[in-house]
Structure formats: C-alpha cells, structure tokens
*Asks:* 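Okay, here's the structure, questions in a sec.
Below, each value reflects all heavy atoms present in this structure, side chains not excepted, and no hydrogens, waters or symmetry copies. Just so you know, these numbers come straight off a predicted model, no measurement behind them.
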Amino acid sequence: MKKAIIFDLDGTLIDSAPDIHAAVNKTLAETGDGELDLATVRSFIGNGVKVLIERVIEARGLDASRHGAMLETFLKHYEADPATLTTLYPGVPDALEQFRDEGWAMGVCTNKPEGPSRDILKAFGIDGFFGAVVGGDTLEVNKPDPAMALAAKDRLGADVAVYVGDSEIDAECAWKAGMRFALFTEGYHKAEDVDDIPQDARFSDFDVLVAIVARLADELR
C-alpha cells in the first residue's frame with residue numbers, strides 16, 4: 001500500500017504573507033491607491049489570487065472593474081520575487097527528510113498558482129521532496145473543491161493519503177476528499193479557536209508531525 005502526504009503550502013510549509021503583502025502594496029502603489037498592512041493582507045490569504053485581489057479591492061474601496069488589471073499587475077510583481085521575505089516554518093526540512101526516509105510519497109496542494117509554488121519550493125531546496133504539485137491554476141477549480149487533493153493523490157499513485165494544512169479551507173478540502181486531516185495551528189486559519197476547525201489531529205511543531213501522520217494513515221488502512 002503506497003502512502004502519501006498532501007501538504008498545503010501557504011501557512012503550512014511556508015510563511016509567505018510578507019512577500020504577498022509586498023506584491024499587493026507594489027500593485028496599489030502603481031496607481032496611487034495607498035497600501036495595506038501585513039495583518040490585513042495575511043487575513044486575505046487562502047482562497048487563491050483572484051479572491052485575494054477581490055479582497056484588496058474591497059478593502060481599498062476601489063472599482064471592481066479593475067480586478068483583471070490589478071490581478072495581472074499583482075502576478076507580475078509576485079512572480080518576479082516570490083521568496084525574498086518568505087520563510088520555511090521551523091522543522092519543515094527535517095520532517096520532509098524523515099517522511100522521505102520512511103517511504104512516504106509527498107505532494108503539494110495549494111490555491112497559489114503552480115508556477116510560483118514550484119519556484120518557491122525550488123528556492124528553498126525542497127522541490128525534490130514532492131512528486132506532485134497541484135496549484136490554483138492547475139485545474140479549473142480551487143480548494144476547498146476536493147478535486148485538487150485527489151489529483152495530487154492520483155499523481156503520486158497513492159492508496160492512502162493524509163492531508164496537512166493550516167486553515168478551514170484545507171479542513172473542508174480534506175473532508176470532501178475522504179482524507180484524514182492534520183491541522184498546523186501556527187498558520188493562516190481564520191477561527192479564533194482552533195477547536196472550531198474540523199480536524200483529526202493538530203500540531204504546532206513539525207517535530208511531532210511524523211508520528212501524527214503515521215497514526216492517521218494507520219486509521220485509513
């Protein structure tokens with residue numbers, strides 16, 4: 001039986017909010033539309049770039065008809081510089097090495113576009129761990145649609161998969177895909193109380209994730 005782990009990216013493996021924030025403010029600066037603070041932009045992350053720009057437009061009180069042009073400008077800035085301010089969460093490389101050594105297949109399922117996602121994984125030297133990357137523009141749907149997680153599982157040729165993410169969107173995606181879900185509590189979830197997010201397990205330190213995922217996978221056998 002081939003076992004796999006499907007990871008979310010933003011807020012799970014990486015703290016990418018600072019680079020997303022920078023690209024948003026570069027976009028706003030081009031037309032003199034002010035700027036937004038990091039906490040506000042961070043709260044917009046999770047549903048993909050189209051929704052991100054919708055929330056930026058609403059927050060700045062701009063005309064919705066500008067969405068297409070602002071999206072294009074944002075992607076230009078973000079794709080040019082996606083990893084300068086971004087950091088890996090502590091313990092991620094060691095956890096990935098241990099999963100690989102124990103024979104797990106690993107994939108990424110993210111609403112971030114696939115190109116920047118692959119660029120970021122490569123920038124941190126962890127791209128080689130992942131046999132599948134399904135981004136927000138890989139399919140015609142975004143999370144929480146389970147098609148994304150199931151596509152990653154299929155591309156890995158896995159019989160059993162555990163989903164690891166940080167948000168309500170990931171929890172819903174995992175549930176719809178029939179996967180056990182481990183919640184990383186230090187990411188970008190919206191709920192004030194993590195007990196309000198459906199989960200099979202939760203963790204704040206990647207050092208304990210290997211044992212958690214092994215237990216969840218055993219429950220699916």
*Asks:* Does the side chain of D145 come within less than 4.5 Å of C173's, by heavy atoms?
*Replies:*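 No, side chains not in contact.
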*Asks:* Rounded to the nearest 0.5 Å, how far apart are OG1 of T12 and CG of D166?
*Replies:*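 Separation between the atoms: 3.5 Å.
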*Asks:* Show your working on side chain to side chain contact (heavy atoms under 4.5 Å, CB included) between R118 and D127 and close with a plain yes or no.
*Replies:* CA-CA 7 Å; R118 290 185 179 276; D127 53 312; over 6 Å; no
*Asks:* Could you check if a side-chain atom of K3 sits within less than 4.5 angstrom of a side-chain atom of D159, using non-hydrogen atoms only?
*Replies:*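 Contact flag for K3/D159 side chains = no.
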*Asks:* Could you give the distance from NE2 (H189) to OG (S43), rounded to the nearest 0.5 Å?
*Replies:*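 Here the rounded value is 13.0 Å.
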*Asks:* Pick one: which of M70, E72, E35 meets side chain to side chain contact (heavy atoms under 4.5 Å, CB included) with T27?
*Replies:*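 Single pass found, and it is M70.
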*Asks:* Counting only N and O atoms by type, is there a donor-acceptor contact under 3.5 Å from the side chain of Q199 to the main-chain atoms of I197?
*Replies:*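 Yes, Q199 side chain to I197 backbone: donor-acceptor pair under 3.5 Å.
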*Asks:* If you compare all heavy atoms of R155 against all heavy atoms of A132, which two are closest, and at what distance to 0.1 Å?
*Replies:*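 Answer, listing the atom of R155 first, then A132: CB-CB, 3.8 Å.
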*Asks:* Do the side-chain N and O atoms of T31 and R66 include a donor-acceptor pair separated by under 3.5 angstrom?
*Replies:*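 Yes.
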*Asks:* Are E54 and H67 close enough that some pair of their side-chain heavy atoms sits under 4.5 Å apart?
*Replies:*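 Yes. Closest side-chain heavy atoms under 4.5 Å.
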*Asks:* Is the ring pair Y78/F74 parallel, tilted or perpendicular, if the boundaries are 30 and 60 degrees?
*Replies:*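 Plane angle under 30°, so parallel.
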*Asks:* Before you tell me yes or no, could you show the steps for D195 and R202 under salt bridge (charged side-chain N to carboxylate O under 4.0 Å, His left out), namely the whole-Å CA-CA distance, both residues' side-chain angles and the distance that decides it to 0.1 Å?
*Replies:* CA-CA 10 Å; D195 286 336; R202 65 179 180 236; 2.6 Å; yes
*Asks:* D33 pairs by side chain to side chain contact (heavy atoms under 4.5 Å, CB included) with which of I57, N25, L28, V56?
*Replies:*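 Only one of I57, N25, L28, V56 forms a side chain to side chain contact (heavy atoms under 4.5 Å, CB included) with D33, namely L28.
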*Asks:* Among the clusters formed by ILVMFWY side chains lying less than 4.5 Å apart, do V213 and F130 turn up in the same one?
*Replies:*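 Yes, same cluster.
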*Asks:* For the atom pair NZ (K50) and CG (L75), what is the distance rounded to the nearest 0.5 Å?
*Replies:*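 Reported to 0.5 Å precision, the distance equals 10.0 Å.
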*Asks:* Centres of the F99 and F129 rings: under 6.0 Å?
*Replies:*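 No, too far apart.
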*Asks:* Show the nearest heavy-atom pair for residues A201 and L216, with the distance to one decimal.
*Replies:*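 Heavy atoms only, the tightest pair is CB-CD1, 4.2 Å.
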*Asks:* Just checking E58: does its CD atom have more than 12 heavy atoms from other residues, nucleotides or ligands closer to it than 6.0 angstrom?
*Replies:*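 Open.
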*Asks:* Starting from the C-alpha separation in whole Å, work towards a yes-or-no answer on side chain to side chain contact (heavy atoms under 4.5 Å, CB included) for D119 and E114.
*Replies:* CA-CA 9 Å; D119 290 342; E114 183 177 340; over 6 Å; no
*Asks:* So, for I45 and I20, which heavy atoms are closest and what is the spacing to 0.1 Å?
*Replies:*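 It is CD1-CD1, 3.7 Å.
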*Asks:* Quick one: closest heavy-atom pair of N142 and G136, and the distance?
*Replies:*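 Distance-wise, the nearest heavy atoms are ND2-O, 2.7 Å.
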*Asks:* Go through the steps to decide whether R42 and H21 satisfy the test side chain to side chain contact (heavy atoms under 4.5 Å, CB included), and finish with yes or no.
*Replies:* CA-CA 7 Å; R42 178 186 171 108; H21 173 242; over 6 Å; no
*Asks:* Hey, could you give me the CH2/CD1 distance between W104 and I5, rounded to the nearest 0.5 Å?
*Replies:*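 One gets 5.0 Å once the value is rounded to the nearest 0.5 Å.
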*Asks:* Report the C-alpha distance between S204 and E186 in whole Å, list the side-chain angles of each, state the deciding distance to 0.1 Å, and finish with yes or no for side-chain hydrogen bond (donor to acceptor under 3.5 Å, both in side chains).
*Replies:* CA-CA 6 Å; S204 60; E186 306 308 293; 4.6 Å; no
*Asks:* Could you state the interatomic distance from CG (D15) to CG (L85), rounded to the nearest 0.5 Å?
*Replies:*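 Rounded to the nearest 0.5 Å, the CG-CG separation comes out at 10.0 Å.
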*Asks:* For T138 and G135, indicate whether the former's side chain and the latter's backbone hold a donor-acceptor pair under 3.5 Å.
*Replies:*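 At least one qualifying donor-acceptor pair exists.
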*Asks:* Taking the side chain as every heavy atom from C-beta outward, state whether S167 and D8 have any pair of such atoms under 4.5 Å apart.
*Replies:*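 Side chain of S167 against side chain of D8, heavy atoms only: no contact under 4.5 Å found.
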*Asks:* Kindly say whether the aromatic ring centers of F203 and F184 come within a distance under 6.0 Å.
*Replies:*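 When the ring centroids of F203 and F184 are compared, they turn out to be within the sub-6.0 Å range.
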*Asks:* Treating Ile, Leu, Val, Met, Phe, Trp and Tyr as nodes and any side-chain heavy-atom pair under 4.5 angstrom as an edge, say whether I6 and L9 lie in one connected cluster.
*Replies:*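 Different hydrophobic clusters.
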*Asks:* Does K143 pair with D170 as a salt bridge, N-O distance under 4.0 Å?
*Replies:*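 Counted as a salt bridge, because a side-chain N and a carboxylate O are separated by less than 4.0 Å.
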*Asks:* Carefully, step by step, assess T84 and D19 under the rule side chain to side chain contact (heavy atoms under 4.5 Å, CB included).
*Replies:* CA-CA 7 Å; T84 298; D19 275 312; 4.0 Å; yes
*Asks:* If I take atom NZ from residue K122 and atom CD1 from residue I126, how far apart are they, to the nearest 0.5 angstrom?
*Replies:*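 One finds 13.5 Å between NZ of K122 and CD1 of I126.
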*Asks:* Hey, quick one: are V51 and L36 part of the same hydrophobic cluster, counting side-chain heavy atoms closer than 4.5 Å, chains of contacts allowed?
*Replies:*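 Not linked; separate clusters.
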*Asks:* Give me the one residue out of D10, T110, T87 that meets side chain to side chain donor-acceptor pair (under 3.5 Å) with S16.
*Replies:*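 Of D10, T110, T87, side chain to side chain donor-acceptor pair (under 3.5 Å) with S16 is met by D10 alone.
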*Asks:* Should F181 and I169 be regarded as members of a common hydrophobic cluster, given that ILVMFWY residues are connected when their side-chain heavy atoms come within less than 4.5 Å of each other, either directly or indirectly?
*Replies:*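 In one cluster with F181: I169, no.
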*Asks:* Examine distances only and state if a side-chain atom of K2 and a backbone atom of L156 form a donor-acceptor pair shorter than 3.5 Å.
*Replies:*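 Answer holds: yes.
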*Asks:* Quick one: closest heavy-atom pair of A152 and V108, and the distance?
*Replies:*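 What the structure gives for the nearest pair is CB-O, 4.5 Å.
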*Asks:* Side chains of V49 and K112: closer than 4.5 Å at any heavy-atom pair?
*Replies:*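 No, their side chains stay 4.5 Å or more apart.
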*Asks:* Does the side chain of L150 come within less than 4.5 Å of M179's, by heavy atoms?
*Replies:*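 A side-chain contact exists here, since the closest heavy-atom pair is under 4.5 Å.
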*Asks:* Using a 4.5 Å cut-off on heavy atoms from C-beta on, say whether the side chain of N47 contacts that of L52.
*Replies:*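 A side-chain contact is absent here, since even the closest heavy-atom pair is not under 4.5 Å.
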*Asks:* Assess whether a salt bridge exists between K26 and E30, defined as any Lys/Arg side-chain N lying under 4.0 Å from an Asp/Glu carboxylate O.
*Replies:*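 Judged by the 4.0 Å cut-off on N to carboxylate O distance, K26 and E30 do not form a salt bridge.
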*Asks:* What's the shortest heavy-atom distance between P146 and A177, and which atoms?
*Replies:*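 Shortest heavy-atom separation between P146 and A177 comes out as CB-N, 3.6 Å.
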*Asks:* Looking only at the aromatic ring of each residue, does the gap between the centers of Y163 and F7 stay below 6.0 angstrom?
*Replies:*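 That pair fails the under 6.0 Å test.
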*Asks:* Out of curiosity, does F206 fall in the hydrophobic cluster containing I212 (side-chain heavy atoms, cut-off under 4.5 Å, transitive links)?
*Replies:*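 Yes, I212 and F206 fall within the same hydrophobic cluster.
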*Asks:* So do I53 and F44 actually touch side chain to side chain, heavy atoms under 4.5 Å?
*Replies:*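 No, side chains not in contact.
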